[in-house]
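Could you have a look at this structure, given as structure tokens, before my questions?
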Amino acid sequence: MVQNIKPQYRQIWQTVQAIPAGKVASYGQIADLAGLPKRARLVGKALGCVPKNGWQGQAVPWYRVINSQGKISLPQGSDGSLLQKQLLQDEQVVVIGCRVKLKDYQWQPSIDELLFKLQF
DNA sequence: GCCCTGACTCTCA
DNA sequence: CTGAGAGCCAGGG
């Protein structure tokens, strides 16, 4: 049972929820924004532990998180990767193979959003 | 407490 | 841009 929700996971999920639809972010970016520099891998783990129902009544758009190369890190052919591709495309994000055009779709946090994060 | 693994990232060729 | 290698941190056995 995973009842002890780790604060870091919570923070990561919260940050992921801040990603606007139609945009994507890298693990490192999320880790950094969540106040966990160099914990990109932990972000992946956190996403793997995301409750299926979401967090605090909101869905956690884990599929908007990809690696710094703009690729889906999940094994190709796995349910997760296929689902991620589909969900991204539903958000009008072009996905070629397992690749996304970071140049066009990478999320660039605005000042407001950064200030919002600083409140915590 | 050591060792291995991992939804990562950076650097170099 | 792509691929290979080394680095890094946290979790689980």
Side-chain angles (χ1 to χ4, degrees):
Chain A
M1 299 292 276
V2 285
Q3 294 326 321
N4 285 333
I5 304 298
K6 298 179 175 162
Q8 298 186 330
Y9 283 20
R10 188 197 56 164
Q11 188 70 2
I12 290 169
W13 297 338
Q14 187 176 335
T15 304
V16 172
Q17 288 176 331
I19 304 174
K23 292 286 181 180
V24 297
S26 68
Y27 294 91
Q29 191 175 7
I30 295 301
D32 190 29
L33 290 174
L36 304 167
K38 312 207 170 167
R39 271 64 171 181
R41 309 182 92 146
L42 187 59
V43 173
K45 222 159 208 179
L47 293 181
C49 295
V50 170
K52 193 176 180 182
N53 291 333
W55 176 244
Q56 293 181 336
Q58 285 182 61
V60 179
W62 57 269
Y63 53 85
R64 291 185 194 141
V65 184
I66 55 181
N67 62 24
S68 63
Q69 300 179 341
K71 296 180 187 173
I72 295 174
S73 290
L74 293 160
Q76 277 195 328
S78 66
D79 291 342
S81 65
L82 294 176
L83 178 61
Q84 182 167 19
K85 271 173 63 176
Q86 185 178 329
L87 290 172
L88 285 176
Q89 289 176 138
D90 286 344
E91 306 252 311
Q92 300 174 350
V93 174
V94 177
V95 182
I96 302 173
C98 61
R99 202 172 303 149
V100 175
K101 290 183 181 179
L102 272 184
K103 189 180 178 186
D104 295 331
Y105 296 104
Q106 183 167 41
W107 177 40
Q108 297 172 22
S110 65
I111 299 295
D112 285 347
E113 286 166 317
L114 290 176
L115 289 175
F116 179 75
K117 296 300 299 180
L118 289 177
Q119 291 178 24
F120 300 85

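Naming convention: chains lettered A, B, ... in sequence-line order (proteins, then strands); numbering from 1 in each chain. Everything numeric in this text was worked out from a predicted model, so none of it was measured.
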Point to revise | Interface with DNA chain B, restricted to residues 51-69 of chain A and to heavy atoms under 4.0 Å | key: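 Of all residues in residues 51-69 of chain A, the ones placing a heavy atom under 4.0 Å from DNA chain B are A:Trp62, A:Asn67, A:Ser68.
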
Study note, to complete from the structure: Protein heavy-atom contacts under 4.0 Å, written 5' to 3' over nucleotides 6-13 of chain C as B (base), S (sugar-phosphate only) or - (none), form the string -BBSSSS-

For residues 22-47 of chain A, dump all side-chain donor-acceptor pairs below 3.5 Å to protein atoms at least two apart in sequence or in another chain.
unit_1  : atom_1 : unit_2   : atom_2 : d
A:Ser26 : OG     : A:Gln29  : N      : 3.2
A:Gln29 : OE1    : A:Ser26  : N      : 3.4
A:Gln29 : NE2    : A:Trp107 : O      : 2.8
A:Arg39 : NH1    : A:Pro37  : O      : 2.5

Check your understanding: Under a single-linkage definition using a 4.5 Å side-chain heavy-atom cutoff for Ile, Leu, Val, Met, Phe, Trp and Tyr, are A:Leu82 and A:Leu74 assigned to the same hydrophobic cluster?
Key ->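 Unlinked, A:Leu82 and A:Leu74 end up in two clusters.
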
Point to revise | Min side-chain heavy-atom separation A:Pro61-A:Val16 under 4.5 Å | key: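 A:Pro61 reaches A:Val16 side chain to side chain.
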
Check your understanding: Who pairs with A:Ser68 by side-chain hydrogen bond (donor to acceptor under 3.5 Å, both in side chains), at least two apart in sequence or on another chain?
Key ->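 Not a single residue meets the side-chain hydrogen bond (donor to acceptor under 3.5 Å, both in side chains) criterion with A:Ser68.
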
Review point. Does any residue of residues 82-96 of chain A have a heavy atom under 4.0 Å from DNA chain C, and if so, which ones, in number order?
Key: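 None - not one residue of the stretch has a heavy atom sitting under 4.0 Å from the strand.
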
**Study point:** Pairwise salt bridge (Lys or Arg N to Asp or Glu O under 4.0 Å) hits with a residue in residues 50-67 of chain A, at least two apart
**Key:**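 Non-adjacent pairs meeting salt bridge (Lys or Arg N to Asp or Glu O under 4.0 Å): A:Arg64-A:Glu91.
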
Point to revise | Test side-chain contact (heavy atoms from CB on, under 4.5 Å) applied to A:Leu83 - qualifying residues, sequence neighbours left out | key: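 For A:Leu83, the residues satisfying side-chain contact (heavy atoms from CB on, under 4.5 Å) (neighbours in sequence not counted) are A:Trp62, A:Leu87.
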
Practice item. Search all heavy atoms of A:Glu113 against all heavy atoms of A:Ala18 and return the closest pair with its distance. Key: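 Looks like OE2-O, 4.0 Å.
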
Practice item. Determine which pairs satisfy ring-ring contact (aromatic ring centres under 6.0 Å, His included) with at least one residue from residues 37-58 of chain A, sequence neighbours left out, and list them in order. Key: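 Residue pairs with at least one partner in residues 37-58 of chain A: A:Trp13-A:Trp55.
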
Review point. What parts of residues 20-31 of chain A reach DNA chain B, counting only heavy atoms under 4.0 Å away?
Key: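 Residues of residues 20-31 of chain A under 4.0 Å from DNA chain B: A:Ser26, A:Tyr27, A:Gly28.
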
Practice item. Just grab all the salt bridge (Lys or Arg N to Asp or Glu O under 4.0 Å) pairs involving residues 100-112 of chain A, residues at least two apart or on different chains. Key: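 Sorted pair list comes back empty.
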
Exercise for review: Mind jotting down which residue pairs meet the salt bridge (Lys or Arg N to Asp or Glu O under 4.0 Å) criterion with at least one end in residues 70-83 of chain A? Sequence neighbours excluded, please.
Suggested key: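 Residue pairs with at least one partner in residues 70-83 of chain A: there are none.
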
Review point. Hey, which of A:Gln86, A:Lys85, A:Gln84 is the one that makes side chain to side chain contact (heavy atoms under 4.5 Å, CB included) with A:Leu88?
Key: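 In the set A:Gln86, A:Lys85, A:Gln84, the residue that makes a side chain to side chain contact (heavy atoms under 4.5 Å, CB included) with A:Leu88 is A:Gln84.
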
Check your understanding: Do other residues, nucleotides or ligands put more than 12 heavy atoms under 6.0 Å from the CD atom of A:Gln89?
Key ->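 More than 12 within 6.0 Å, yes.
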
